[in-house]
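Proteins get letters first, then strands, A, B, ... in listed order; numbering begins at 1 in each. This structure is a prediction, so every number in the text was calculated from the model and none was measured.
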Amino acid sequence: MIVPLEHILTLALVLFLMGAVCALARRNLVMILLGLEVMLNAAGIAFVGASLRWMEMDGQAFVLFIMGVAAAEIAVGLALLVYCWRRTGALDVNAYNRLKG
Amino acid sequence: MTIYGALFYLLAAIILAATGLALTRRKLMHAVIFLVNAFFATAMLFYLLGAPLLAAFEVIVYAGAIMVLFLFIIMLMGVKDQQGISLRRTLGHWLPPLLLGAATLTAGAIMLAAPPGASESLALAKATPAELGRFVFDRYWLGVEAVSFLLFAGLAGAYFLGKERPEDAARPKDAANAGGGA
């Protein structure tokens, strides 16, 4: 172990909180999706750190799955973004205030 | 503290700075570029923590595929840049990414150069790509199948949502809003 696990987890926690604040506070749809990416990345760092701490490869295997989920999520998320932009002409989530287009 | 410990804190600082800068930018393009830098630094962190395969995937999938997809979408939206170019503004724009990129490259170079006496601990903790691949397909093959199914579902969903429909084309768009709303 090159550094204590607590420090790796602290890094992951701070990153996760930054992503969460971005996803909750920003109103641009692209920034919300970027915040989600940062959160998933922070979870990956925590998994890799734990994998090193206990010398098990399960954590690294989970990061592979996280990457798969992130790729699928972003494909659908960006498609939805384009769809919303086509219908309303805005990326601001405050502009989506009508139930039907 | 060994040199690898110092590298961990350097990379952690780069990741936090780049992510913090990315998430507070008003311009989407700058945010994505900063985040690419953060993901490169994360890839080096993964390598440092004994996961070279994940380091490669972090660059390929996150920094490569996902962020480039974001760039495509932002360009597709045609978000305009209203500000004129002046030297001070240009320097101010270039300095943070240059510093972060240089720090990331330096950390990577130090780590790959493997200073004598410090490389044993890194080699001990490393899970080689072949080992990890065998492990994943041995123990989690069902999960691999599930992820491939999920990716296919994502592909189909993205195609379905992205299809141009005739009723959308008739709608009035005001493209002036597209860049607004940070």
Side-chain angles (χ1 to χ4, degrees), chain A residues 1-3 7-8 10-11 14-15 18-19 21-22 26-31 33-35 37-38 40-41 44-45 48-49 51-52 55 57-65 67-76 78-83 85-95 101, chain B residues 2 4-5 8-9 12 15-16 19-20 22-23 28 31-32 35 38-39 42 45-46 48-51 53-54 57-58 61-62 65-66 69-70 73-74 76-77 121-122 125 127 131-132 135-136 139-140 143 147 150-151 153-155 157-158 161-162 168 171 173-175 177-178 180-182:
Chain A
M1 222 32 210
I2 52 173
V3 284
H7 293 189
I8 301 176
T10 308
L11 170 68
V14 173
L15 268 181
M18 283 162 91
V21 167
C22 175
R26 299 293 295 260
R27 280 173 292 122
N28 193 310
L29 213 46
V30 176
M31 292 311 293
L33 284 176
L34 283 182
E37 285 308 302
V38 171
L40 285 170
N41 195 37
I45 290 177
V48 171
S51 170
L52 180 68
M55 287 291 173
M57 276 190 284
D58 299 74
Q60 298 194 12
F62 262 88
V63 178
L64 279 181
F65 295 139
M67 284 180 181
V69 170
E73 171 246 325
I74 224 60
V76 176
L78 285 176
L80 268 173
L81 188 153
V82 172
Y83 183 73
W85 183 73
R86 269 205 207 123
R87 291 189 73 116
T88 63
L91 285 180
D92 194 331
V93 286
N94 285 347
Chain B
T2 62
Y4 288 120
F8 171 82
Y9 294 111
I15 294 171
L16 287 177
T19 308
L23 298 185
L28 304 175
V32 171
L35 217 50
F39 286 147
T42 309
L45 189 75
F46 281 177
L48 193 65
L49 297 180
L53 184 67
L54 294 180
F57 277 177
E58 180 86 11
V61 176
Y62 269 101
I66 292 179
L69 211 55
F70 268 104
I73 292 295
I74 293 169
L76 195 71
M77 302 284 151
S121 60
L122 195 62
E131 276 175 45
L132 181 60
F135 177 81
V136 168
R139 188 94 61 91
Y140 293 108
V147 166
L150 183 69
L151 282 172
L155 182 70
L161 287 170
D168 294 338
R171 250 164 239 285
K173 296 177 205 173
D174 62 328
N177 288 354

Any idea which of B:Val61, B:Ile15, B:Leu69, B:Leu132 has the most non-hydrogen atom pairs under 4.5 angstrom with chain A? B:Leu132

Under 4.5 Å from any heavy atom of chain A - which part of B:Ile73: side chain

Between B:Tyr140 and chain A, with a heavy-atom cut-off of 4.5 Å, which part of the residue counts as in contact: side chain, backbone, both or neither? both

Side chain to side chain contact (heavy atoms under 4.5 Å, CB included), that's the test. Do A:Val82 and B:Leu161 meet it? Break it down for me. CA-CA 8 Å; A:Val82 172; B:Leu161 287 170; over 6 Å; no

Is it the side chain or the backbone of B:Leu45 that comes within 4.5 Å of chain A heavy atoms, both, or neither? side chain

Where do B:Val147 and A:Leu64 land on the side chain to side chain contact (heavy atoms under 4.5 Å, CB included) test, with the steps shown first? CA-CA 9 Å; B:Val147 166; A:Leu64 279 181; over 6 Å; no

Can you tell me which residue among A:Val30, A:Leu91, A:Leu29 is in a side-chain contact (heavy atoms from CB on, under 4.5 Å) with B:Met77? A:Leu91

If you look at every heavy atom in B:Thr19 and A:Met18, which pair is closest and at what distance? C-CE, 3.8 Å

Mark yes or no for whether B:Glu58, through its side chain, and A:Asn41, through its backbone, hold a donor-acceptor pair below 3.5 Å. no

Please examine the side chains of B:Phe70 and A:Glu37, heavy atoms only from C-beta on, and report whether any two atoms are closer than 4.5 Å. yes

Minimum heavy-atom separation for B:Leu54 to A:Met67, with atom names? O-CE, 3.8 Å

Looking only at A:Thr10, A:Asp58, A:Leu40, A:Val76, most heavy-atom pairs under 4.5 Å shared with chain B are made by A:Asp58

What part of B:Ala65 gets within 4.5 angstrom of chain A, counting heavy atoms only: side chain, backbone, both, or neither? neither

So what's closer than 4.5 Å to chain A heavy atoms on B:Phe57: side chain, backbone, both or neither? both

Minimal heavy-atom distance between A:Ala61 and B:Val136, with the atoms involved, is CB-CG2, 3.7 Å

If you take all heavy atoms of B:Leu151 and A:Ala72, which pair is closest and at what distance? CD2-N, 3.9 Å

Hey, mind stepping through A:Ile45 and B:Phe46 against side chain to side chain contact (heavy atoms under 4.5 Å, CB included) and telling me if it holds? CA-CA 7 Å; A:Ile45 290 177; B:Phe46 281 177; 3.8 Å; yes

In terms of heavy-atom contacts, A:Trp85 and B:Leu76 come closest through CH2-O, 4.3 Å

Among A:Ala75, A:Gly44, A:Cys22, A:Gly68, residue most engaged with chain B (heavy-atom pairs, under 4.5 Å): A:Cys22

May I ask you to name which of A:Leu33, A:Val63, A:Val21, A:Leu34 has the most heavy-atom pairs under 4.5 Å with chain B? A:Leu34

Here the pair of heavy atoms bringing A:Met31 nearest to B:Ala22 is CE-O, 3.5 Å

